[in-house]
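Working notes for the structure below.
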Amino acid sequence: MKILKDNFNRKIEYLRISVTDRCNSRCKYCMPAGGTEFKLHDEILSFEEITNIVSVFAKLGVKKIRLTGGEPLVRRDIVDLVRKISNIEGITEITLTTNGLLLKKYAKQLKEAGLDRVNISIDSLDEKKYSLITRGSNLKDVLEGIEETKKVGLEPIKLNTVLVKGFNDDEIENLVNLTKDNNYDVRFIELMTIGNTSNWSRDRYLSNEIVLKKMKKLERVIKKDKNSPADYYQIPGYKGRVGLINPISCGFCSNCNRVRLTSTGNLKLCLHSDVEYDLKEYAYDEYKLEEKLLEIIKEKPKEHKLNQGVIIKKNMFQIGG
Ligand code: SAM
Ligand code: SF4
């Protein structure tokens with residue numbers, strides 16, 4: 001069987017797909033203040049194109065799919081897409097990253113369609129602060145979404161918090177305490193300086209070392225496993241875990257098994273690189289796509305250059321995180 005292996009012997013088994021660049025929220029570190037232009041419907045991959053591309057990836061050994069965005073739940077008929085992907089032979093896990101605002105409406109349908117798990121982004125547990133960082137979204141909608149997700153059994157739930165200096169460093173304890181009675185992975189992600197929000201993010205970076213400084217009771221349970229860029233910690237006796245994700249000095253590159261597909265059908269071999277390969281043009285030619293992928297994958301860079309001050313131009317809502 002042909003498989004996707006790069007020049008550094010890394011087997012690619014995980015594909016993240018941004019299904020739209022649109023979003024129902026406007027997080028300050030993700031969307032620029034002056035607004036932005038979104039892609040036209042025609043430029044975005046159709047469901048047929050996505051499923052064709054996923055089928056070829058699956059044939060070449062990809063097992064895990066994550067749908068992201070923009071906000072994946074604003075894409076019309078997203079539940080159908082989940083169902084279609086979960087029926088593709090070889091795909092053993094399908095997950096979704098969402099801001100959670102529409103989960104109350106969709107969690108049950110997503111579960112029934114075959115979704116395995118969700119990651120939910122939540123940067124504050126305070127209504128006013130949440131509205132501030134998202135430029136107007138409603139925390140209540142996310143909290144109700146989390147409850148519904150639990151209710152329908154889309155578990156374990158991962159909650160992602162981007163640490164922003166002077167904004168949510170005072171909430172670390174409250175966020176960690178969510179793991180006391182809930183089987184959540186609460187994961188702190190360091191702010192990345194990326195795309196059009198670079199200026200906003202530059203002075204607000206906070207190392208997630210602060211989590212360990214503030215929460216002395218945390219004990220390490222997992223040092224980065226193959227499938228996750230997070231180091232995991234736990235307070236003894238608590239049900240959930242705390243994950244720390246440092247995208248800059250993560251040391252994850254040597255195990256990186258993932259590639260990304262943008263909403264317009266470009267393949268990114270590394271989150272932190274602007275190099276992309278158009279796959280949309282091969283979406284209806286299975287054999288050509290297979291041949292191209294086997295060739296392109298060899299170009300996956302050994303490691304990223306973020307720690308050397310390189311800033312990529314694409315915005316996070318275009319890549320999907
Ligand atoms: N809209 C969905 C959401 O917010 O979860 C999915 C797309 S969003 C681009 C994926 C993840 O990227 C989110 O967890 C978000 O917090 C994170 N993200 C966006 N911009 C970021 C930045 N500048 N630095 C670090 N993480 C960022
Ligand atoms: Fe939307 Fe997610 Fe970006 Fe926030 S982080 S603006 S929810 S895409």
Side-chain angles (χ1 to χ4, degrees), residues 16-36 38-39 65-75 78 95-103 106 110 115 117-124 129-139 141-142 145-146 149 157-165 167-168 175 184-208 228-230 243-250 258 260-263 268 271-272 304 306 311-321:
R16 298 169 66 105
I17 308 171
S18 170
V19 295
T20 178
D21 59 349
R22 289 169 196 250
C23 187
N24 50 354
S25 200
R26 290 288 179 274
C27 303
K28 289 186 176 174
Y29 49 74
C30 181
M31 297 258 182
T36 188
F38 296 107
K39 297 289 176 195
I65 301 290
R66 173 172 299 279
L67 301 180
T68 172
E71 173 49 41
L73 298 185
V74 302
R75 174 95 191 236
I78 184 72
T95 60
L96 184 130
T97 299
T98 171
N99 58 31
L101 294 167
L102 291 171
L103 268 177
Y106 285 120
L110 288 166
L115 193 77
R117 274 182 303 103
V118 284
N119 287 9
I120 304 169
S121 302
I122 182 164
D123 295 328
S124 175
K129 283 168 72 181
Y130 183 82
S131 172
L132 200 73
I133 194 83
T134 56
R135 300 194 183 96
S137 298
N138 195 342
L139 177 67
D141 294 337
V142 188
I146 295 173
T149 305
I157 296 172
K158 291 184 183 170
L159 299 179
N160 288 342
T161 298
V162 177
L163 276 178
V164 179
K165 186 157 85 187
F167 170 73
N168 57 8
L175 285 155
Y184 296 156
D185 280 351
V186 171
R187 311 187 320 160
F188 294 95
I189 303 173
E190 290 181 355
L191 183 62
M192 283 179 256
T193 312
I194 183 169
N196 292 334
T197 53
S198 297
N199 283 342
W200 190 90
S201 302
R202 195 162 288 120
D203 301 326
R204 293 175 168 90
Y205 168 84
L206 189 61
S207 162
N208 53 24
S228 168
L244 301 185
I245 301 180
N246 177 345
I248 298 176
S249 61
C250 66
R258 57 190 65 186
R260 294 169 164 82
L261 188 62
T262 69
S263 55
K268 283 179 80 75
L271 167 62
H272 306 299
H304 64 69
L306 268 193
I311 293 176
I312 67 160
K313 296 188 198 82
K314 264 252 158 89
N315 296 293
M316 209 54 146
F317 64 88
Q318 295 169 315
I319 308 169

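Just follow the structure's listing: the first ligand is 1, and inside any ligand the first atom is 1.
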Side chain to side chain contact (heavy atoms under 4.5 Å, CB included) for R202 and S198? Distances and angles first, verdict last.
CA-CA 6 Å; R202 195 162 288 120; S198 297; 3.8 Å; yes
Geometric class of the W200/Y29 ring pair [parallel <30°, tilted 30-60°, perpendicular >60°]:
tilted
Nearby protein N/O/S atoms (those under 2.8 Å) for atom 3 (Fe) of ligand 2, with water ignored
C30 SG
Worked verdict on L159 versus I157 for side chain to side chain contact (heavy atoms under 4.5 Å, CB included):
CA-CA 6 Å; L159 299 179; I157 296 172; 3.8 Å; yes
Would you mind writing out a table of all protein N or O atoms found under 3.5 Å from any N or O atom of ligand 1, naming both atoms and giving the distance to 0.1 Å?
{"unit_1": "ligand 1", "atom_1": "1 (N)", "unit_2": "G70", "atom_2": "O", "d": "3.0"}
{"unit_1": "ligand 1", "atom_1": "1 (N)", "unit_2": "E71", "atom_2": "OE1", "d": "3.2"}
{"unit_1": "ligand 1", "atom_1": "4 (O)", "unit_2": "S121", "atom_2": "OG", "d": "3.4"}
{"unit_1": "ligand 1", "atom_1": "5 (O)", "unit_2": "T98", "atom_2": "O", "d": "3.3"}
{"unit_1": "ligand 1", "atom_1": "5 (O)", "unit_2": "S121", "atom_2": "OG", "d": "2.6"}
{"unit_1": "ligand 1", "atom_1": "14 (O)", "unit_2": "S121", "atom_2": "OG", "d": "2.8"}
{"unit_1": "ligand 1", "atom_1": "16 (O)", "unit_2": "Y29", "atom_2": "OH", "d": "3.2"}
{"unit_1": "ligand 1", "atom_1": "23 (N)", "unit_2": "Y29", "atom_2": "O", "d": "3.3"}
{"unit_1": "ligand 1", "atom_1": "23 (N)", "unit_2": "M192", "atom_2": "O", "d": "3.0"}
{"unit_1": "ligand 1", "atom_1": "24 (N)", "unit_2": "M192", "atom_2": "N", "d": "2.8"}

K129: partners by salt bridge (charged side-chain N to carboxylate O under 4.0 Å, His left out), with sequence neighbours left out
D170, E171
Side chains of N168 and L163, heavy atoms from C-beta outward: is any pair under 4.5 Å?
yes
With sequence neighbours excluded, what pairs up with D141 under the salt bridge (charged side-chain N to carboxylate O under 4.0 Å, His left out) test?
none
For G70 and S18, which heavy atoms make the closest approach, and how far apart are they?
N-OG, 4.3 Å
Member of T20, N24, N99 meeting the side-chain hydrogen bond (donor to acceptor under 3.5 Å, both in side chains) criterion with E71:
N99
Apply side chain to side chain contact (heavy atoms under 4.5 Å, CB included) to N119 and T68, showing your working.
CA-CA 10 Å; N119 287 9; T68 172; over 6 Å; no
